[in-house]
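To start, the structure itself, in structure tokens.
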Amino acid sequence: MANEPRLATNAEIEAAARMIVAAEYPIALTGAGMSVESGIPPFRGPGGLWTKYGEPPMNGYQIFLADPKKGWEDRIRRQDDELFAPLKVAKPNAGHTAMAELEQMGVLRFVITQNVDDLHRQAGHQALAEIHGNWKLVRCLECGRRFKSEEIRLDTLPPPCPRCAGMLKADTVSFGEPIPADVLRQCAEHAAHADLVILGGTSATVYPAAGFALEVKERGGKLIEVNLYESEITPLCDASLRGGAANVMPRLVAAISEIRRARLS
Ligand code: APR
């Protein structure tokens, strides 16, 4: 799929901006590409972790449930590996900031992110669902409550839930693990209202997340892609803006502001 990236032209940005301004309920679905310019590698495509090491076992969750103590020991041991180390130092980039600005402008109604890196939250999003969890949190598999990892003592593994004594697991959703019902419900509710989806830095190959964009398209909605390379969903998009998210998103938001300003004057 990967081809030589060429930067989206101003005319392409302008056309996409007009579609977003015309939409009633635009939402965003974002992926690892949003955070590449924050120093976090993607999973697939050039420089992807799975490209480098192969996809992890699809039954990661079942492996955890079979031996949760070992699951926690592995997680603690891996704190400084190639997956976790960048998460500790990463900061939101201009792409995250621009997307948060679009929410503050009242244009972007909701963000579904597949990223566990906490960067959309740090950028200031209020209307946000982290469909694959957040690396800074742990979650009780009994009561579903989430806690900050640093608030949980690790002298007993697996650590018990402070509220119901159920078993705690990293909030990040493992392969083979069902998406927590509260988050899935939130995503489905906003996707059901949406008439446009901005696909920011995602290969749109993992479900149920990618399904929300297809659902909007099937209902006659529009898809606007921001991606360094072509992806599997590019043929379905009404606009596909090539370039890094930290370059394209601020340009898109500037064009949207300009259109709205012109309308007010
Ligand atoms: N700006 C914009 N897009 C980029 C950039 C960039 N700087 N760099 C890479 N991309 C694009 C790639 O072309 C690719 O299409 O981002 C996409 C990243 O795709 P994936 O690595 O597959 O990430 P994602 O879509 O988030 O994966 C979904 O899969 O492995 C699981 O749980 C993991 O949440 C993840 C899910």
Side-chain angles (χ1 to χ4, degrees), residues 19-20 22-35 43-44 58 60-62 96 99-100 102-121 123-147 169-227 231-239 245 249:
M19 291 186 229
I20 295 168
E24 290 290 322
Y25 205 97
I27 67 170
L29 173 66
T30 72
M34 280 297 296
S35 301
F43 298 99
R44 299 170 188 84
M58 287 301 120
Y61 184 51
Q62 289 67 27
H96 297 105
M99 205 170 258
L102 210 49
E103 180 190 307
Q104 278 128 31
M105 286 160 65
V107 173
L108 188 63
R109 310 299 285 276
F110 198 72
V111 174
I112 300 171
T113 187
Q114 299 164 91
N115 301 342
V116 299
D117 56 34
D118 197 53
L119 297 182
H120 281 299
R121 197 174 289 286
H125 278 286
Q126 304 301 316
L128 172 71
E130 295 162 313
I131 192 169
H132 294 159
N134 184 310
W135 81 282
K136 292 186 171 189
L137 302 178
V138 296
R139 176 170 28 91
C140 175
L141 296 181
E142 298 304 319
C143 70
R145 285 188 183 85
R146 295 174 180 84
F147 306 90
K169 175 189 168 293
D171 185 42
T172 48
V173 175
S174 310
F175 280 104
E177 181 177 0
I179 305 287
D182 56 345
V183 176
L184 198 57
R185 192 177 320 111
Q186 237 195 334
C187 296
E189 272 162 20
H190 289 279
H193 286 104
D195 58 350
L196 183 144
V197 182
I198 301 172
L199 293 144
T202 180
S203 59
T205 53
V206 173
Y207 290 75
F212 294 119
L214 299 181
E215 179 197 314
V216 171
K217 183 71 183 177
E218 274 151 26
R219 274 202 324 265
K222 290 195 176 351
L223 301 181
I224 309 282
E225 181 176 44
V226 174
N227 198 312
S231 74
E232 301 216 353
I233 204 165
T234 302
L236 292 177
C237 292
D238 299 271
M249 280 307 304

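Residue numbers run from 1 in the order of the sequence given. Owing to the predicted nature of the structure, the values given are computational and were not obtained by experimental measurement.
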Heavy-atom closest contact ([X] atom, [Y] atom, distance):
X	Y	result
N115	S35	ND2-OG, 3.6 Å
A191	F212	CB-CD2, 3.6 Å
V111	L108	CG2-CD2, 3.5 Å
R219	A192	NH2-O, 3.3 Å
V226	A245	CG1-CA, 4.1 Å
I131	C187	CD1-SG, 4.1 Å

If we ignore hydrogens and angles and just use 3.5 Å, is the side chain of [X] paired with the main-chain N or O of [Y] as donor and acceptor?
X	Y	answer
D171	G133	no
R109	A127	no
E225	I233	no

(request) Kindly determine whether R185 and E189 satisfy salt bridge (charged side-chain N to carboxylate O under 4.0 Å, His left out), including the steps that lead there. (result) CA-CA 6 Å; R185 192 177 320 111; E189 272 162 20; 5.3 Å; no
Give, for atom [atom1] of [X] and atom [atom2] of [Y], the distance between the pair rounded to the nearest 0.5 Å.
X	Y	atom1	atom2	value
L184	I112	CG	CD1	9.0 Å
L199	I224	CG	CD1	9.0 Å
H193	I27	NE2	CD1	11.0 Å
Q114	S203	CD	OG	7.0 Å
F175	Q62	CZ	CD	12.5 Å
R145	L137	CZ	CG	15.0 Å

Residue list, side chain to side chain contact (heavy atoms under 4.5 Å, CB included) with [X], at least two apart or on another chain:
X	answer
V138	W72, F147, S149, I152, L168
L141	Y61, F64, L65, R139, M167, K169, E177
E142	C140, C164

Contact between [X] and [Y] at the side-chain level, heavy atoms closer than 4.5 Å - yes or no?
X	Y	value
V197	K217	no
T113	M99	no
T234	N227	no
V173	P180	yes
I179	H132	yes

(message) My understanding is that only residues two or more places apart in sequence, or in another chain, count here; which of them pass salt bridge (charged side-chain N to carboxylate O under 4.0 Å, His left out) with D118?
(response)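 D118 satisfies salt bridge (charged side-chain N to carboxylate O under 4.0 Å, His left out) with R121, K136 once adjacent residues are dropped.
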(request) Apply salt bridge (charged side-chain N to carboxylate O under 4.0 Å, His left out) to D195 and list each qualifying residue two or more places apart in sequence or on a separate chain. (result)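 For D195, no residue satisfies salt bridge (charged side-chain N to carboxylate O under 4.0 Å, His left out) once neighbours in sequence are set aside.
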(message) Restricting to ring-ring contact (aromatic ring centres under 6.0 Å, His included), what partner residues turn up for H120, sequence neighbours left out?
(response)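 In terms of ring-ring contact (aromatic ring centres under 6.0 Å, His included), with neighbours along the sequence ignored, H120 is linked to H96, H125.
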(request) Go through L119 and M34 one step at a time and tell me if the side chain to side chain contact (heavy atoms under 4.5 Å, CB included) criterion holds. (result) CA-CA 9 Å; L119 297 182; M34 280 297 296; over 6 Å; no
(request) Could you walk me through whether T30 and M249 pass side chain to side chain contact (heavy atoms under 4.5 Å, CB included), step by step? (result) CA-CA 12 Å; T30 72; M249 280 307 304; over 6 Å; no
(message) Pair V216, Y25 - check side chain to side chain contact (heavy atoms under 4.5 Å, CB included), show working.
(response) CA-CA 11 Å; V216 171; Y25 205 97; over 6 Å; no
